[in-house]
Amino acid sequence: MTQNETLLLGIDIGTTGTKCAIYDLKGELVAHAYQEYSMIHPQPSWTEQDPHRWWNAVQTNLHNCFEQQGIDSSRIASIGLSCTNAMTLVDEAGEPVYNAIGHHDKRADPQVAWLRERVGEDLVLRVTANKLDKGSFCLPSLRWLIDNRPELVARAYKMLMPSGYIIQKLTGKFSMNRPRMSLTSLSDIRTGEWSREIAKKAEIPFSLLPTPYDPCDIVGGVTEEAAHITGLKAGTPVSAGCLDSVVATLGAGAVQEGDVALTIGSSGRICYIGSEPIYDKRLLNCRSPYQGLYTILQTTDNAGISLRWFRDVFGDAVQQKAEAAGLSVYDYMNTLAEKVPAGCNGLVYLPYLAGEKSPIWDSDARGVFFGMSLSTDYGAFVRAIMEGVALSMRDCMEIMPAAKKSISPIPLGGGAANSRVWCQIFADVLNRPIVRLKSGETETLGDFIIAAESVGLTDVTRDFGKKLAAESEVLYPDSAAASVYDKAYQKYKAVYQNTKTLF
């Protein structure tokens, strides 16, 4: 294939929707489709997803790209995938035996206590460079299934994450990429292999753990059956893919030691590239797609999902006005937020709708609007959500000294990059220049880079995202707004400290 003919496909399976994006070798998006779906909450504090929805979304997206957008699937040279954190057990045919348990899920307190006693937090931290926690890492969820649904575990063949589930549907192979393995509490961060010691002490059947792969490894080719279902060409190479946070950081251009990037999608993540893991229980550590590098990250569970929640619950209040203005509800929300002064006249939002990971690690925390008055309007609530997510990221950055030392502008990708006002809020809250990436689709852009490297396409190098970031708009902090947010940050911290005993 010549450069003009070659295309690459990125698939990102997210918490609330799946994206499929097709790029040419210049990084230009030539086709894109997205399918939204809802999380499942069978009981309070339980959060699940139906894996069938992921596969259905991929099929629908691909048919959209091929049939409605006119893409010739034979031009696709390789496929890269990324995904959210949701653990599912499948049988030998690759069919789920139970819904996937997502990272917002908080059911496994007894299992965490049991693991602390039987395995030990010190061992888990030493081997994985991460703490032991429910939801964030799949080991407690897997133990919950063993303890509560042993008949399902008896039917299970492998444990998979969303990207591994889709890869199995495409290739028939069971796999997990090493960056994603980093957040299972079952793998050695140094070797990238499953820890037999942890698995044995946690009484996890080792046979459930799929074959590890590096992100750029080819797991297999698209099968004839999958080609018939999706419209892809049989034999198209499928790479092992990557953890969504890590691949989004790659797509944003953070690929060298010392680089920092923000990704604000359903969850919010601030990532730092280091040559060593940082053994601090407040941080998350993952293997990088590249040897000798690690992605150290902080994550807030409820970033873009906070705005989506507000849209779903209260969007009807402005739906007609948005339609009259020829705008989506989200775009209309942006126009309202722009009219509200920094600090929202004292209104503060804590984005803890489903507990929180970094940096408070409090699964009982809940969302709070504090400081409402008779003058508080719809736009103030929207802006307070945007500010609350940014303040949460500032809270995360406070315990990442290496990231704080960096003076370079911080690239910001994810859905929030579509909102200029939100990007400016991040610049003002963090008091750092923010690169509003031209392509907020950093996950699929990172998938594109992985896909290219997996088949040796030298037109696309690992620093491709950095080159694109250099062409993007830079938003600089406003000193007056930054001063307002210094005070708002202290209030944000105080509200949590003074309400956490009530949750």
Side-chain angles (χ1 to χ4, degrees), residues 1-12 14 18-34 61-62 64-66 69-82 163 215-216 218 232 236-239 241-256 259-265 271 273 288-290 295 408-418 423 434-474:
M1 291 183 180
T2 67
Q3 176 167 317
N4 291 332
E5 295 174 337
T6 303
L7 299 175
L8 296 159
L9 169 62
I11 300 173
D12 179 64
T18 286
K19 307 168 191 170
C20 292
I22 300 175
Y23 295 87
D24 64 22
L25 290 190
K26 296 179 181 178
E28 295 291 334
L29 188 64
V30 298
H32 176 272
Y34 176 74
N61 287 342
L62 291 178
N64 183 311
C65 291
F66 301 148
Q69 300 180 55
I71 298 298
D72 179 359
S73 65
S74 68
R75 296 171 60 193
I76 295 174
S78 182
I79 303 171
L81 298 95
S82 55
S163 57
C216 295
I218 296 297
L232 289 163
T236 303
V238 181
S239 70
C242 199
L243 170 70
D244 54 358
S245 297
V246 172
V247 83
T249 301
L250 170 63
V255 291
Q256 298 170 323
D259 286 347
V260 180
L262 276 165
T263 304
I264 309 298
C271 297
I273 307 301
S288 165
Y290 306 109
T295 303
S408 300
I410 300 175
L412 188 152
N418 297 322
C423 291
I434 293 292
V435 181
R436 183 190 176 200
L437 295 173
K438 287 172 41 176
S439 172
E441 302 289 347
T442 46
E443 284 96 346
T444 57
L445 187 63
D447 296 333
F448 151 80
I449 295 170
I450 294 290
E453 293 202 59
S454 72
V455 290
L457 291 173
T458 57
D459 304 81
V460 182
T461 58
R462 69 173 66 177
D463 64 349
F464 194 90
K466 192 180 289 290
K467 294 174 183 176
L468 291 184
E471 303 170 2
S472 300
E473 178 185 17
V474 180

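The minimum heavy-atom distance between S82 and E443, with the atom names listed, is OG-CB, 3.9 Å. Across A77 and T6, no two heavy atoms sit closer than the pair CB-CG2, 3.7 Å. Counting all heavy atoms, side chain and backbone alike, T461 lies closest to K467 at OG1-NZ, 3.7 Å. Taking both residues in full, the closest heavy atoms of I11 and D447 are given as O-OD2, 3.1 Å, listed atom of the first, atom of the second, then distance. Between A31 and C65, the shortest heavy-atom contact is CB-SG, 4.0 Å. Residues P289 and P215 share a closest heavy-atom pair of CA-CG, 3.8 Å.
A254 meets the side-chain contact (heavy atoms from CB on, under 4.5 Å) test with T249, D259, A261, I273; sequence neighbours excluded. Among residues two or more places apart in sequence or in another chain, the side-chain contact (heavy atoms from CB on, under 4.5 Å) test is passed with S239 by I218, I450, S454. Judged as a side-chain contact (heavy atoms from CB on, under 4.5 Å), and not counting sequence neighbours, the contacts of S472 are V435, L437, K438.
Atom CG in L412 sits 12.0 Å away from atom CD in E473 (nearest 0.5 Å). Rounded to the nearest 0.5 Å, atoms OG1 (T442) and CG (L250) are 9.5 Å apart. Expressed to the nearest 0.5 Å, how far CD of E5 lies from CG of D24 amounts to 12.5 Å. Atoms CD1 and CD1, from I22 and I76 in turn, are 4.0 Å apart once rounded to the nearest 0.5 Å. Distance check, rounded to the nearest 0.5 Å: CG of L468 to CG of L445 gives 6.0 Å. The structure places CG of L9 at 6.0 Å from CG of L62, a figure rounded to the nearest 0.5 Å.
Of the N and O atoms on the side chains of E441 and Y34, not one donor lies less than 3.5 Å from an acceptor on the other residue. For D12 and T444, the side-chain atoms include no donor-acceptor pair closer than 3.5 Å.
Looking only at side-chain heavy atoms (C-beta outward), F464 and D459 stay at 4.5 Å or farther from each other. Side-chain contact between T295 and L243: absent, with no pair of heavy atoms (C-beta onward) separated by less than 4.5 Å.
Taking the six-membered ring for Trp and thresholds of 30 and 60 degrees, Y23 and F448 have ring planes inclined between 30 and 60 degrees apart.
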| request: Before giving the answer on side chain to side chain contact (heavy atoms under 4.5 Å, CB included), spell out for Q69 and N64 the whole-Å C-alpha distance, their side-chain angles and the decisive distance to 0.1 Å. | output: CA-CA 6 Å; Q69 300 180 55; N64 183 311; 2.7 Å; yes
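Side-chain atoms of R436 come within 3.5 Å of backbone atoms of N418 as a donor-acceptor pair (strictly under, hydrogens ignored). The backbone N or O of A451 lies less than 3.5 Å from a partner atom in the side chain of S78, making a donor-acceptor pair.
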